[in-house]
Amino acid sequence: MRILIADDHDLVREMMAAYLERDCGMKATQSASFDEAMAQITGNGPFELVLLDYRMPGMKGLEGLRAALEASGGNPVALISGSADKNVAEEALAAGAAGFLPKTMSARSMTNAVKFMVMGETYVPVDFMTAKEADNPAVSHLTPRERQVLEGISKGKSNKEIALDHDIQEVTVKLHVKTLCRKMGAKNRTQAAMMARDQEMV
(Lines give C-alpha, C1' and ligand atoms only; values in the text may rest on other atoms or scores of the structure.)
Protein backbone atom coordinates (compact mmCIF):
# COMPACT_ATOMS: atom_id res chain seq x y z
CA MET A 1 0.00 0.00 0.00
CA ARG A 2 1.46 3.35 -1.06
CA ILE A 3 0.82 6.71 0.56
CA LEU A 4 2.13 10.19 -0.26
CA ILE A 5 2.90 12.68 2.53
CA ALA A 6 3.50 16.27 1.42
CA ASP A 7 4.63 18.75 4.10
CA ASP A 8 7.40 21.37 4.09
CA HIS A 9 8.29 20.60 7.72
CA ASP A 10 10.85 17.80 7.46
CA LEU A 11 10.37 16.63 11.04
CA VAL A 12 6.58 16.32 10.76
CA ARG A 13 6.74 14.58 7.39
CA GLU A 14 9.45 12.12 8.39
CA MET A 15 7.77 11.30 11.69
CA MET A 16 4.45 10.57 9.99
CA ALA A 17 6.16 8.42 7.36
CA ALA A 18 8.02 6.44 10.01
CA TYR A 19 4.86 5.70 12.00
CA LEU A 20 2.85 4.68 8.94
CA GLU A 21 5.59 2.40 7.62
CA ARG A 22 6.15 0.80 11.01
CA ASP A 23 2.59 0.51 12.29
CA CYS A 24 0.59 0.17 9.07
CA GLY A 25 3.09 -1.54 6.77
CA MET A 26 2.66 1.21 4.18
CA LYS A 27 5.28 2.54 1.80
CA ALA A 28 5.40 6.31 2.38
CA THR A 29 6.66 8.64 -0.34
CA GLN A 30 7.55 12.16 0.82
CA SER A 31 7.34 15.60 -0.81
CA ALA A 32 8.34 18.97 0.63
CA SER A 33 6.11 21.17 -1.54
CA PHE A 34 2.86 21.07 -3.46
CA ASP A 35 4.65 21.03 -6.82
CA GLU A 36 6.71 18.03 -5.74
CA ALA A 37 3.54 16.29 -4.57
CA MET A 38 1.78 16.88 -7.89
CA ALA A 39 4.81 15.54 -9.75
CA GLN A 40 4.67 12.38 -7.62
CA ILE A 41 0.91 11.97 -8.16
CA THR A 42 1.13 12.36 -11.93
CA GLY A 43 4.43 10.53 -12.38
CA ASN A 44 4.33 7.77 -9.78
CA GLY A 45 0.65 7.56 -8.82
CA PRO A 46 -1.92 6.56 -8.08
CA PHE A 47 -1.39 6.43 -4.31
CA GLU A 48 -3.90 4.78 -1.98
CA LEU A 49 -3.93 8.06 -0.02
CA VAL A 50 -2.40 11.53 -0.40
CA LEU A 51 -1.87 13.75 2.67
CA LEU A 52 -1.32 17.45 1.93
CA ASP A 53 -0.18 20.14 4.36
CA TYR A 54 -2.63 23.03 4.15
CA ARG A 55 0.04 25.76 4.24
CA MET A 56 3.05 24.29 2.45
CA PRO A 57 4.69 26.19 -0.46
CA GLY A 58 2.57 26.19 -3.63
CA MET A 59 -0.49 24.70 -1.96
CA LYS A 60 -2.78 27.76 -2.04
CA GLY A 61 -5.12 26.12 0.43
CA LEU A 62 -8.20 24.45 -1.01
CA GLU A 63 -7.12 25.28 -4.56
CA GLY A 64 -4.27 22.80 -4.17
CA LEU A 65 -6.61 20.23 -2.64
CA ARG A 66 -8.94 20.40 -5.65
CA ALA A 67 -6.02 20.04 -8.08
CA ALA A 68 -4.69 17.02 -6.20
CA LEU A 69 -8.13 15.41 -6.10
CA GLU A 70 -8.44 15.80 -9.85
CA ALA A 71 -4.96 14.35 -10.45
CA SER A 72 -5.53 11.42 -8.08
CA GLY A 73 -8.25 9.91 -10.24
CA GLY A 74 -10.73 9.24 -7.47
CA ASN A 75 -8.26 8.07 -4.85
CA PRO A 76 -8.56 9.77 -1.43
CA VAL A 77 -6.78 13.04 -0.66
CA ALA A 78 -6.76 14.55 2.85
CA LEU A 79 -5.48 17.71 4.52
CA ILE A 80 -3.08 17.93 7.46
CA SER A 81 -2.54 21.17 9.35
CA GLY A 82 -1.26 22.65 12.58
CA SER A 83 -3.26 25.84 12.32
CA ALA A 84 -6.38 25.60 10.13
CA ASP A 85 -9.69 25.85 11.98
CA LYS A 86 -12.85 23.80 11.70
CA ASN A 87 -14.23 26.11 8.98
CA VAL A 88 -11.34 25.11 6.73
CA ALA A 89 -11.91 21.47 7.63
CA GLU A 90 -15.59 21.77 6.68
CA GLU A 91 -14.74 23.46 3.38
CA ALA A 92 -12.15 20.78 2.62
CA LEU A 93 -14.66 17.99 3.24
CA ALA A 94 -17.22 19.80 1.08
CA ALA A 95 -14.61 20.02 -1.70
CA GLY A 96 -14.15 16.25 -1.61
CA ALA A 97 -11.32 15.70 0.89
CA ALA A 98 -11.20 12.29 2.54
CA GLY A 99 -10.43 13.89 5.86
CA PHE A 100 -8.67 16.50 7.95
CA LEU A 101 -5.86 15.67 10.39
CA PRO A 102 -4.68 18.26 12.95
CA LYS A 103 -0.95 17.98 13.64
CA THR A 104 -1.73 17.86 17.36
CA MET A 105 -3.11 14.32 16.95
CA SER A 106 -1.32 11.46 18.66
CA ALA A 107 0.60 9.01 16.47
CA ARG A 108 -1.90 6.25 17.24
CA SER A 109 -4.88 8.41 16.27
CA MET A 110 -3.12 9.50 13.09
CA THR A 111 -2.39 5.93 11.96
CA ASN A 112 -5.97 4.87 12.73
CA ALA A 113 -7.29 7.85 10.75
CA VAL A 114 -5.11 6.93 7.76
CA LYS A 115 -6.36 3.31 7.83
CA PHE A 116 -9.91 4.63 7.96
CA MET A 117 -9.44 6.91 4.93
CA VAL A 118 -7.66 4.25 2.89
CA MET A 119 -10.78 2.09 3.31
CA GLY A 120 -12.79 4.83 1.63
CA GLU A 121 -14.22 6.47 4.75
CA THR A 122 -14.13 10.16 5.70
CA TYR A 123 -12.26 11.15 8.85
CA VAL A 124 -12.19 14.30 10.98
CA PRO A 125 -11.73 14.37 14.78
CA VAL A 126 -15.04 14.99 16.52
CA ASP A 127 -13.42 16.94 19.37
CA PHE A 128 -11.69 19.23 16.86
CA MET A 129 -14.92 19.99 15.01
CA THR A 130 -16.88 20.67 18.21
CA ALA A 131 -14.22 22.67 20.11
CA LYS A 132 -14.63 26.40 20.52
CA GLU A 133 -11.88 28.34 18.76
CA ALA A 134 -10.68 29.82 22.04
CA ASP A 135 -10.21 26.31 23.41
CA ASN A 136 -7.91 25.30 20.58
CA PRO A 137 -4.37 25.27 22.07
CA ALA A 138 -2.86 26.17 18.72
CA VAL A 139 -4.53 29.60 18.73
CA SER A 140 -4.11 30.47 22.41
CA HIS A 141 -3.20 34.04 23.23
CA LEU A 142 0.46 34.77 23.93
CA THR A 143 1.82 37.82 25.73
CA PRO A 144 4.02 40.26 23.73
CA ARG A 145 7.13 38.90 25.48
CA GLU A 146 6.15 35.30 24.72
CA ARG A 147 5.72 36.25 21.07
CA GLN A 148 9.21 37.76 21.06
CA VAL A 149 10.64 34.57 22.51
CA LEU A 150 8.66 32.47 20.03
CA GLU A 151 10.03 34.57 17.17
CA GLY A 152 13.56 33.93 18.43
CA ILE A 153 12.91 30.18 18.66
CA SER A 154 11.50 30.20 15.11
CA LYS A 155 14.75 31.80 13.89
CA GLY A 156 16.75 29.00 15.51
CA LYS A 157 18.21 31.18 18.27
CA SER A 158 19.36 29.80 21.62
CA ASN A 159 17.89 30.96 24.93
CA LYS A 160 21.06 32.93 25.56
CA GLU A 161 20.80 34.74 22.22
CA ILE A 162 17.13 35.54 22.81
CA ALA A 163 17.98 36.87 26.27
CA LEU A 164 20.65 39.17 24.81
CA ASP A 165 18.30 40.39 22.08
CA HIS A 166 15.70 41.55 24.60
CA ASP A 167 17.94 42.40 27.57
CA ILE A 168 16.40 39.81 29.89
CA GLN A 169 17.81 36.93 31.92
CA GLU A 170 18.33 33.55 30.26
CA VAL A 171 16.31 31.88 33.03
CA THR A 172 13.42 34.22 32.14
CA VAL A 173 13.58 33.06 28.53
CA LYS A 174 13.44 29.43 29.69
CA LEU A 175 10.31 30.24 31.70
CA HIS A 176 8.68 31.95 28.70
CA VAL A 177 9.51 28.95 26.48
CA LYS A 178 7.86 26.59 28.96
CA THR A 179 4.78 28.83 29.26
CA LEU A 180 4.28 29.41 25.54
CA CYS A 181 4.70 25.69 24.79
CA ARG A 182 1.96 24.93 27.32
CA LYS A 183 -0.35 27.60 25.87
CA MET A 184 0.18 26.37 22.31
CA GLY A 185 -0.10 22.69 23.20
CA ALA A 186 3.43 22.08 21.92
CA LYS A 187 5.58 19.27 23.34
CA ASN A 188 8.82 21.24 22.92
CA ARG A 189 10.34 24.39 21.41
CA THR A 190 10.78 22.74 18.00
CA GLN A 191 7.08 21.92 17.72
CA ALA A 192 6.19 25.41 18.98
CA ALA A 193 8.30 26.93 16.21
CA MET A 194 6.66 24.73 13.58
CA MET A 195 3.18 25.61 14.81
CA ALA A 196 4.05 29.31 14.82
CA ARG A 197 5.24 29.06 11.25
CA ASP A 198 2.07 27.23 10.23
CA GLN A 199 -0.12 29.88 11.84
CA GLU A 200 2.02 32.74 10.53
CA MET A 201 2.31 33.97 14.12
CA VAL A 202 5.91 35.13 13.59
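Hydrogens, waters and symmetry mates are skipped; everything else that's a heavy atom, side chains included, is used. The structure presented is a predicted model; accordingly, all values stated were derived computationally and were not measured.
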- Ala71 to Thr42 - nearest heavy-atom pair and separation: CB-CG2, 4.4 Å
- Message: Would you say that Lys103 contacts Met195 through its side chain, given a criterion of any heavy-atom pair below 4.5 Å between the two side chains?
- Response: no
- Item | For Leu52 against Phe34, the heavy-atom pair lying closest together | CD1-CE1, 4.5 Å
- What heavy-atom pair brings Ala92 and Leu79 nearest, and what distance separates the two atoms? CB-CD1, 3.6 Å
- Taking all atoms of both residues into account, what is the closest heavy-atom pair of Val50 and Ser72, and its distance? CG2-OG, 4.1 Å
- Are the side chain of Asn159 and the backbone of Glu170 linked by a donor-acceptor contact shorter than 3.5 Å? no
- Query: Hey, are Asn44 and Arg2 close enough side-chain-wise for a donor-acceptor pair under 3.5 Å?
  - Reply: no
- Straight-line distance of Asp35 CG to Met56 CE, nearest 0.5 Å: 9.0 Å
- Query: Just wondering, do Phe47 and Asn75 contact through their side chains at under 4.5 Å, heavy atoms?
  - Reply: no
- Message: Check Arg147 with Glu151, please: is the shortest side-chain N to carboxylate O separation under 4.0 Å?
- Response: no
- Query: Does Pro125 reach the side chain of Ser109, with side-chain heavy atoms less than 4.5 Å apart?
  - Reply: no
- Note on the structure: Separation between CZ (Arg189) and NZ (Lys174), nearest 0.5 Å, reads 10.0 Å
- Item | Asp53 with Arg13: basic N within carboxylate O range, under 4.0 Å | no
- Message: Please report the interatomic distance CZ(Arg145) to NE2(His176), rounded to the nearest 0.5 Å.
- Response: 6.0 Å
- Item | Non-hydrogen atoms of Thr122 and Phe116 that approach each other most closely | O-CE2, 3.4 Å
- Query: Is a donor on one side and an acceptor on the other found under 3.5 Å between the side chain of Glu161 and the backbone of Lys157?
  - Reply: no
- Query: For Leu49 and Val118, which heavy atoms make the closest approach, and how far apart are they?
  - Reply: CB-CG2, 4.0 Å
- Query: Can you check whether Ile5 reaches Leu20 side chain to side chain, under 4.5 Å on heavy atoms?
  - Reply: yes
